[in-house]
Amino acid sequence: MRKIIVFFGTFFISILFLTNFAVASSFSYNVCSNKNASLSAVCSSNPPGSSTTSNADPISVKIASIIKIIVEVAGIITVVVIIISGIRYALSTGDANKVNSAKNNLIYALIGLAVIVLADTIVSYVISQLKG
C-alpha cells in the first residue's frame, strides 16, 4: 500500500511540475521590457529606422534565452527521472537493492530539481540587475 501511495504521489507531483514548465514556457521572457531598460548599457540599441540599426539582440537576452532552454530541458528530464524512480519503487517487489536504488534516484532527482529552480532564480536576479 505504501508503494502505491509513493508511486501516485510522485506521479501527481511530476504532473504538477510538467504543467508548470509548460505554462512557463508559453510566456515570453524579455529582460529588456522594462520602461527604464533602454537607459541601461545592456538593453540600449539604436532606434528603428536609423542607419546603424542592428538586428542582433543584446547579449543578456541571448544568455537569458539559452538559460531558459537549459532549465526547461533539465526540468523535464528531472520530472521523467522522478516518474521512473516512482515506478521502479512501486515495482521493486520488496527487493532491498531495488528499493534503495529507487529511493536514491528519487532523492537525487528532487535535489537536482531544487538546484535547477535555485539556479534559474539566481540567473533571473543577476540578469534583472544587469538591466537597471
Side-chain angles (χ1 to χ4, degrees):
M1 182 68 180
R2 183 175 177 225
K3 290 180 182 181
I4 293 172
I5 292 171
V6 170
F7 170 73
F8 283 112
T10 56
F11 178 74
F12 288 122
I13 289 172
S14 302
I15 295 298
L16 174 72
F17 284 117
L18 277 175
T19 56
N20 281 341
F21 282 115
V23 170
S25 66
S26 66
F27 295 109
S28 64
Y29 188 66
N30 187 359
V31 295
C32 294
S33 63
N34 190 351
K35 65 179 180 178
N36 295 326
S38 62
L39 301 176
S40 72
V42 174
C43 295
S44 66
S45 62
N46 295 328
S50 68
S51 61
T52 58
T53 301
S54 172
N55 290 335
D57 291 333
I59 189 76
S60 64
V61 174
K62 290 180 182 178
I63 291 172
S65 63
I66 290 170
I67 291 174
K68 177 185 170 203
I69 292 169
I70 291 171
V71 167
E72 288 177 359
V73 169
I76 290 171
I77 290 171
T78 304
V79 169
V80 169
V81 169
I82 290 171
I83 292 171
I84 292 171
S85 297
I87 292 170
R88 287 179 59 204
Y89 184 77
L91 299 176
S92 66
T93 63
D95 185 11
N97 291 331
K98 289 181 182 179
V99 169
N100 286 334
S101 175
K103 281 183 182 178
N104 288 338
N105 286 344
L106 183 62
I107 289 169
Y108 295 144
L110 291 173
I111 290 171
L113 187 62
V115 168
I116 291 168
V117 170
L118 287 173
D120 186 42
T121 304
I122 291 169
V123 169
S124 296
Y125 175 75
V126 169
I127 288 177
S128 71
Q129 292 302 310
L130 286 175
K131 286 191 326 185

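Values below: every heavy atom of this structure, side chains too, minus hydrogens, waters and symmetry copies. Residue numbers run from 1 in the order of the sequence given.
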Point to revise | CG on N105 to CG on N100, rounded to 0.5 Å | key: 11.0 Å

Point to revise | Between CZ on residue R88 and OG on residue S85, distance to nearest 0.5 Å | key: 6.5 Å

Point to revise | Qualifying residues under side chain to side chain contact (heavy atoms under 4.5 Å, CB included), relative to I67, sequence neighbours excluded | key: I63, V71, V123

Check your understanding: Of all residues at least two apart in sequence or in a different chain, which pass the side chain to side chain contact (heavy atoms under 4.5 Å, CB included) check with I107?
Key -> I111

**Study point:** Of I76, V81, I77, I83, the residue whose pairing with V79 passes side-chain contact (heavy atoms from CB on, under 4.5 Å)
**Key:** I83

**Study point:** Atom of A109, atom of T78 and distance for their closest heavy-atom approach
**Key:** O-CG2, 3.1 Å

Check your understanding: Does S101 reach the main-chain N or O of N97 with its side chain, forming a donor-acceptor pair under 3.5 Å?
Key -> no

Revision key, fill the gap. Using a 4.5 Å side-chain heavy-atom cut-off and chaining through intermediate ILVMFWY residues, the residues clustered with I70 come out as I66

